[in-house]
A.B. asks: 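There's a structure below that I have some questions on.
Note that the structure is predicted; figures quoted are calculated from it, not measured. These values consider heavy atoms only, across backbone and side chains, with no hydrogens, waters or symmetry-generated copies. Quick note on labels: first sequence line is chain A, next is B, and so on, each numbered from 1.
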There are 2 protein chains.
Amino acid sequence: MAKVELSQRQKRILRFVEDFSRKKGYLPSIREIGAAVGISSTSVVDYNLRILERERHIQRDPKVSRGIKLLGSHPRGRSRLDLGLVAVPLLGRIAAGQPIPVPEDSPAEETIELTRNLLKDVDGIYALEVKGNSMVDALVNDGDIVVMKHQDTAENGEMVAVWLKDRQETTLKKIYHEGRRVRLQPANPLLKPIFAPAENVEVQGKVIMVVRRLGK
Amino acid sequence: MAKVELSQRQKRILRFVEDFSRKKGYLPSIREIGAAVGISSTSVVDYNLRILERERHIQRDPKVSRGIKLLGSHPRGRSRLDLGLVAVPLLGRIAAGQPIPVPEDSPAEETIELTRNLLKDVDGIYALEVKGNSMVDALVNDGDIVVMKHQDTAENGEMVAVWLKDRQETTLKKIYHEGRRVRLQPANPLLKPIFAPAENVEVQGKVIMVVRRLGK
DNA sequence: ATTATACCAGAACTTGTGTTCTATGTCAAG
DNA sequence: CTTGACATAGAACACAAGTTCTGGTATAAT
């Protein structure tokens, strides 16, 4: 019960509330949320807000109109003075046949700028450009940019970059610890997971975002 | 009438509203303001709020509970145009079984902010959230956000959303005109293209970006 | 089949909250 | 002294908005 995946609808609600708050300066009512995400019933919005509150994404003040407090992304709220821009260093390439670079390694000569509202976490993140199409299993293609956070452990369900020692390759998968083995689940739901003994996998970082630019 | 000195009471109200907003995350009601600054009558609070609004310290949304917006130090701020920020309207969902919405249809109640350096083109773009995993062929998964530009023709090699009339479904593919037929090539290089007569495909827009947020 | 759970819709209900009306008091200008 | 703008209090009111109840659908487990 500690960690539950939010439904699409709940994510949508959360994003709408954040957006509404930023744009209007105050918070939406239940009915406004309903109208925005296509829910006709106030009770359903309430139901989903309860879940969001249980999962610590928001905090609600009972009996108070528009009494929602956002916890996740902008606890300080109104400070539009910081522009919400984050310069993420683009450290290099990632390819199947080699371990990924770590933040300390190289100075960032290139950065990509992202807005803070796309990122929840800003510390210690960096970006890599994917080289080759060895990661289509992870729905990541040649030229895509993955934004990573460096860490060497991972919680269940996180999308991580792992180095498989025996195969000498890097792969992006959702990770699940299952006793002394590890299940690596491709993001593509049509593909089967692979299993590996825990000693064989080395977590190199967590994937927090994927950006693909198309068109020329 | 340009610059009027605020009364002690009005300054007090303003400070309280700022404080309340910072601390609680939402805005105070008229009665809460009254209680805090020692006014027993709601009309008096209203009266003073009118003045504060006239003097451009706050902005009120009529009929909306707690609908106060603080304008304080950054009345207009800088527009996001000169910041390289672009607010892209998030118009709705896209799923295999239905045509995609067009920009005119619905008012944008949500936006996502992107930096201009990620986008080359800013006119007429909008975003859609992908529903379901019917587009994994295009390396696009449930929950991903695709940024589109509306257009009904496409050049060779562009990644477009097309409506297949016979199948009654939307799909994302790279398009190639080949005489009177069209080749639709999945982004995933492992998959084979499909071919369709030109009359059967209806270009709905060009995909210019895909954003996937992971984690929590 | 039966139960339980997660999710949703609609409507009724209750309370929260902004608006407005009347009254009172002050004070400076005519 | 009267008038009028400013400032206030109190109460009645109407609508906004949260809560709750009843019922429905799926799905999985028993």
A.B. asks: So that I can tick it off, tell me whether B:Arg15 and B:Asp19 are bridged by a salt bridge, with the cut-off set at under 4.0 angstrom between side-chain N and carboxylate O.
C.D. replies: no

A.B. asks: What is the distance, to the nearest angstrom, from the CD1 atom on B:Ile68 to the C1' atom on C:dT19?
C.D. replies: 14 Å

A.B. asks: Look at the side-chain N and O atoms of A:Ser65 and state whether any lies under 4.0 Å from the OP1 or OP2 oxygen of D:dG18.
C.D. replies: no

A.B. asks: Roughly how far, to the nearest 0.5 Å, is CG of A:Leu27 from CG of A:Asp61?
C.D. replies: 11.5 Å

A.B. asks: A:Gln59 has an atom CD; how far is it from atom C1' of D:dG18, in whole Å?
C.D. replies: 17 Å

A.B. asks: In whole Å, I'd like the distance from the CD atom of A:Glu32 to the C1' atom of D:dC15.
C.D. replies: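 About 14 Å, once rounded to whole Å.
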
A.B. asks: For nucleotides 19-26 of chain D, list the nitrogen or oxygen atoms of the protein found under 3.5 Å from its nitrogen or oxygen atoms, one pair per line.
C.D. replies:
from, atom 1, to, atom 2, distance (Å)
D:dT19, O4, A:Thr42, OG1, 3.0

A.B. asks: Of all residues at least two apart in sequence or in a different chain, which pass the side-chain contact (heavy atoms from CB on, under 4.5 Å) check with A:Asp46?
C.D. replies: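 With neighbours one apart ignored, the set is A:Ile30, A:Arg50, A:Arg60.
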
A.B. asks: Using OP1 and OP2 only, check whether a side-chain N or O of A:Asn48 sits under 4.0 Å from C:dA6.
C.D. replies: no

A.B. asks: Within this structure, what is the OH-to-P distance between B:Tyr47 and C:dT20, rounded to whole angstrom?
C.D. replies: 16 Å

A.B. asks: To the nearest Å, give me how far apart CG (B:Leu49) and P (C:dT17) are.
C.D. replies: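 So the CG-P distance, B:Leu49 to C:dT17, works out to 14 Å.
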
A.B. asks: Any pair with a residue in residues 25-35 of chain A that passes salt bridge (charged side-chain N to carboxylate O under 4.0 Å, His left out), sequence neighbours left out, goes on the list, sorted by first then second residue, please.
C.D. replies: A:Glu32-A:Arg66

A.B. asks: Nearest-Å distance, CD1 (B:Ile51) to C1' (D:dC6)?
C.D. replies: 8 Å

A.B. asks: Respond yes when some side-chain nitrogen or oxygen of A:Arg66 is under 4.0 Å from OP1 or OP2 of D:dA16, and no when none is.
C.D. replies: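 Indeed not, no polar side-chain atom of A:Arg66 lies that close.
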
A.B. asks: For B:Ser40, what residues pass the side-chain contact (heavy atoms from CB on, under 4.5 Å) criterion, not counting sequence neighbours?
C.D. replies: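 B:Ser40 satisfies side-chain contact (heavy atoms from CB on, under 4.5 Å) with no other residue.
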
A.B. asks: Could I get the full list of salt bridge (charged side-chain N to carboxylate O under 4.0 Å, His left out) partners for B:Asp142, not counting sequence neighbours?
C.D. replies: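 Listed in chain order: nothing, the list is empty.
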
A.B. asks: Report the nucleotide, chosen from D:dA9, C:dA6, D:dG18, that has the shortest atom-to-atom distance to any side-chain atom of A:Ser29.
C.D. replies: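 Per side-chain heavy atoms of A:Ser29, the pick is D:dG18.
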
A.B. asks: For a quick check of understanding: with a heavy-atom distance under 4.0 Å over all strands, which category does B:Ile33 fall into, base, sugar-phosphate or nothing?
C.D. replies: nothing

A.B. asks: Could you name each residue pair satisfying side-chain hydrogen bond (donor to acceptor under 3.5 Å, both in side chains) that touches residues 189-201 of chain A, not counting sequence neighbours?
C.D. replies: A:Asp166-A:Asn200

A.B. asks: Just how far, in rounded Å, is P of D:dG18 from CD1 of A:Ile39?
C.D. replies: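 Distance check: A:Ile39 CD1 to D:dG18 P gives 14 Å.
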
